[in-house]
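Notes follow the structure.
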Amino acid sequence: MNLRQEYMWRAIELARRGEGHTRPNPPVGAVIVRGGRIIGEGWHKRCGGDHAEVAAIKDAARRGEKVRGATMYVTLEPCSKPGRVGACTDAIAAAGIGCVAFAVRDPNPKNRGRAKRVLARAGIECVMPSHANTAKGEWNCCGGMESALEEARLLIAPFAKHVTTGLPYVTVKLAMSLDGKICDNWGDAKWVSSARSRKTVGWERTRVDAIMVGAETVRRDNPSLLSHSKRNDDLIRVIVSKSGKVPRDAQIFTDGAPNKTLVFRDAREALEELGRMGAMHVLCEGGLKLATSLADAGLVDAWIAVTSPIVIGSRHIADALRFKIRPGSCGFLFDGDRIGGYVL
């Protein structure tokens, strides 16, 4: 089977469109290829709607394309048991797809590994990783596919944690000065980072299920916690306050947005409840005490660290020493497996 990485990258690109909207299901993308041409594509838009595989088959039908004998690329192992909707393996078999190539085995133990057996009984070839947590195995013959498979694994990392532990995947974002400060001595943090980096990192809000901050951040900064890059009405806003006292006239309660705002006294309690609600990915944006408490409890899965070329020292943040940087200089994203840059 001559598989090509650009089709898997396209499936990943499609899957990204569903991030932040599919809970408790994972974001998944699929493309159908025949004769070196994409004839159908789809992604899972929200729970209860068509899964990516079915959406791609329907898209091909709308285009007037025949899928019998074609190859389907999908970011995650197709589901093989009916849930809110029918099993994807049944839809694939009914459509007559000739080969299914998926990037990551389903981390859900109820489904993992079943798709290949089900599809094989229908006479459908299936190409998949040989191990649940590797981008190798049967894909090795495809040359250059490894990076796409790794990206697909990272794509469903929040779902993998949620389905195996019941807790959401937690990303903590911190912006700090060169001398390691996230605010000045008066608690002012506007703005340690630049508008450009805030816009770039703010894109993360479109990809998560919940934004979490401490009560002091609400009192001091009065944030909206909404996504500025792209509207996401599915976003849950979360405040952690030991006292439970949060100003009810804060923007987060009065901006008229449909997004839910929840208040918890404890971070772990918040994560457990969010997990029960189906939230898979939580972005913690402030403050330092909350980030530290999450880290001390072993609840942080990824860090986004933006380092700004300023020295605050004992000054007000408005008077901080600012240094010029060459174009393209950047901060870093750490998640234990990869490092990515964010322009300052």
task = Give the C-alpha distance, both sets of side-chain angles, the deciding distance and a yes or no for salt bridge (Lys or Arg N to Asp or Glu O under 4.0 Å) between Arg237 and Glu285.
result = CA-CA 11 Å; Arg237 297 180 286 183; Glu285 289 206 20; over 6 Å; no
task = Test salt bridge (Lys or Arg N to Asp or Glu O under 4.0 Å) on Asp50 and Lys45 and set out the steps.
result = CA-CA 8 Å; Asp50 287 338; Lys45 296 181 179 180; over 6 Å; no
ask   = Where do Asp106 and Phe159 land on the side-chain contact (heavy atoms from CB on, under 4.5 Å) test, with the steps shown first?
value = CA-CA 10 Å; Asp106 193 335; Phe159 171 72; 3.7 Å; yes
key: Verdict with reasoning, Val213 to Val238, per side-chain contact (heavy atoms from CB on, under 4.5 Å)   = CA-CA 6 Å; Val213 296; Val238 179; over 6 Å; no
task = Report the C-alpha separation of His44 and Asn25 in whole Å, then their side-chain angles, then the decisive distance to 0.1 Å, and conclude whether the side-chain hydrogen bond (donor to acceptor under 3.5 Å, both in side chains) test is met.
result = CA-CA 9 Å; His44 186 41; Asn25 294 342; 3.2 Å; yes
ask   = Given the rule in the side-chain contact (heavy atoms from CB on, under 4.5 Å) test, do Val208 and Met280 qualify, once you have shown the distances and angles that lead to the verdict?
value = CA-CA 8 Å; Val208 301; Met280 298 179 293; over 6 Å; no
request  = Just do the side-chain contact (heavy atoms from CB on, under 4.5 Å) check on Cys79 and His51 with the steps written out, would you?
outcome  = CA-CA 9 Å; Cys79 64; His51 287 189; 3.6 Å; yes
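Val127 places none of its side-chain heavy atoms less than 4.5 Å from the side chain of Val100. Residues Met72 and Ile92 form a side-chain contact, since some pair of their non-hydrogen atoms from C-beta on lies under 4.5 Å apart. Put simply, the side chain of Val282 does not reach to within 4.5 Å of the side chain of Thr171, judged on heavy atoms. Residues Leu167 and Glu272 are in side-chain contact: their nearest non-hydrogen atoms beyond the backbone lie under 4.5 Å apart. Contact annotation: the side chain of Glu146 never approaches that of Glu151 to less than 4.5 Å [non-hydrogen atoms, C-beta and beyond]. Pro26 is not listed as a side-chain neighbour of Thr22, based on a closest heavy-atom distance of 4.5 Å or more. Here the side chains of Thr206 and Glu19 are not in contact, with every heavy-atom distance at 4.5 Å or above. Between Asp234 and Arg46 there is a side-chain heavy-atom pair separated by less than 4.5 Å.
Thr75 approaches Ala103 most closely through the heavy-atom pair O-CB, 3.5 Å. Residues Ala267 and Leu294 approach most closely at CB-CD2, 3.7 Å, considering heavy atoms. Nearest heavy atoms, Val67 versus Ala60: CG1-CB, 3.4 Å. Nearest heavy atom pair, residue Gly113 against residue Arg105, reads CA-NH1, 3.9 Å. Nearest approach of Leu225 to Ile252, heavy atoms of both residues: CD1-CD1, 3.4 Å. Pairing each heavy atom of Phe253 with each of Val246, the nearest pair is CE1-CG1, 3.7 Å.
Without hydrogens or angle criteria, Thr164 side chain to Ala160 main chain gives a donor-acceptor distance under 3.5 Å. A donor-acceptor pair under 3.5 Å links the side-chain atoms of Asp301 to the main chain of Val170, judged by distance alone. No donor-acceptor distance shorter than 3.5 angstrom exists from the side chain of Arg153 to the backbone of Val104, with no hydrogens or angles considered. Not a single donor-acceptor pair under 3.5 Å links the side chain of Ser80 to the backbone N or O of Thr89. Side-chain atoms of Asp59 come within 3.5 Å of backbone N or O of Glu41 as a donor-acceptor pair. Panel note: side chain Lys161, backbone Pro168; a donor-acceptor pair is recorded below 3.5 Å. The closest donor-acceptor contact from the side chain of His162 to the backbone of Gly275 lies under 3.5 Å.
Placement of Trp43 and Val85 in two distinct hydrophobic clusters is found when ILVMFWY residues are connected by side-chain heavy-atom separations under 4.5 Å, directly or transitively. In the hydrophobic cluster analysis, where Ile, Leu, Val, Met, Phe, Trp and Tyr join through side-chain heavy atoms closer than 4.5 angstrom, Ile39 is grouped apart from Val54. The cluster map of Ile, Leu, Val, Met, Phe, Trp and Tyr, joined by side-chain heavy atoms under 4.5 Å apart, puts Val118 and Phe102 in different clusters. Met277 is connected to Val240 through a chain of hydrophobic side-chain contacts under 4.5 Å among Ile, Leu, Val, Met, Phe, Trp and Tyr, so both are in one cluster.
Between Glu273 and Arg268, no side-chain nitrogen of the basic residue sits less than 4.0 Å from a carboxylate oxygen of the acidic one, so the salt-bridge criterion is not met. Using a cutoff of 4.0 Å between basic side-chain nitrogens and carboxylate oxygens, Arg4 and Glu6 are scored as salt-bridged. For the pair Arg219 and Glu216, the salt-bridge criterion is met [side-chain N within less than 4.0 Å of a carboxylate O]. Under the 4.0 Å criterion applied to side-chain N and carboxylate O atoms, Arg114 and Glu77 are not assigned as salt-bridge partners. Using a cutoff of 4.0 Å between basic side-chain nitrogens and carboxylate oxygens, Glu204 and Lys173 are not scored as salt-bridged. Comment: Glu53 does not engage Lys58 in a salt bridge, judged by the lack of any side-chain N to carboxylate O separation of less than 4.0 angstrom. Taking 4.0 Å as the cut-off between side-chain N and carboxylate O, Asp209 and Arg23 count as a salt-bridged pair.
Between the CZ atom in Arg207 and the CZ atom in Arg205 there is a gap of 14.5 Å [rounded to 0.5 Å]. Between the NZ atom of Lys245 and the CD1 atom of Ile239 there is a distance of 15.5 Å, given to the nearest 0.5 Å. Rounded to the nearest 0.5 angstrom, Glu125 CD and Leu119 CG are separated by 11.0 Å. Taking NE2 from His281 and CD1 from Ile156, the interatomic distance works out to 13.0 Å, rounded to the nearest 0.5 Å. Between Glu65 atom CD and Ile57 atom CD1 the span is 14.0 Å, to the nearest 0.5 Å. With rounding to the nearest 0.5 Å, the separation of SG in Cys88 from CG in Asn111 is 9.0 Å.
Side-chain contact annotation: Ser224 with Asp255, donor-acceptor N/O pair under 3.5 Å absent.
Applying the ring-ring contact (aromatic ring centres under 6.0 Å, His included) test to Phe264 and every residue at least two apart in sequence or in another chain returns nothing.
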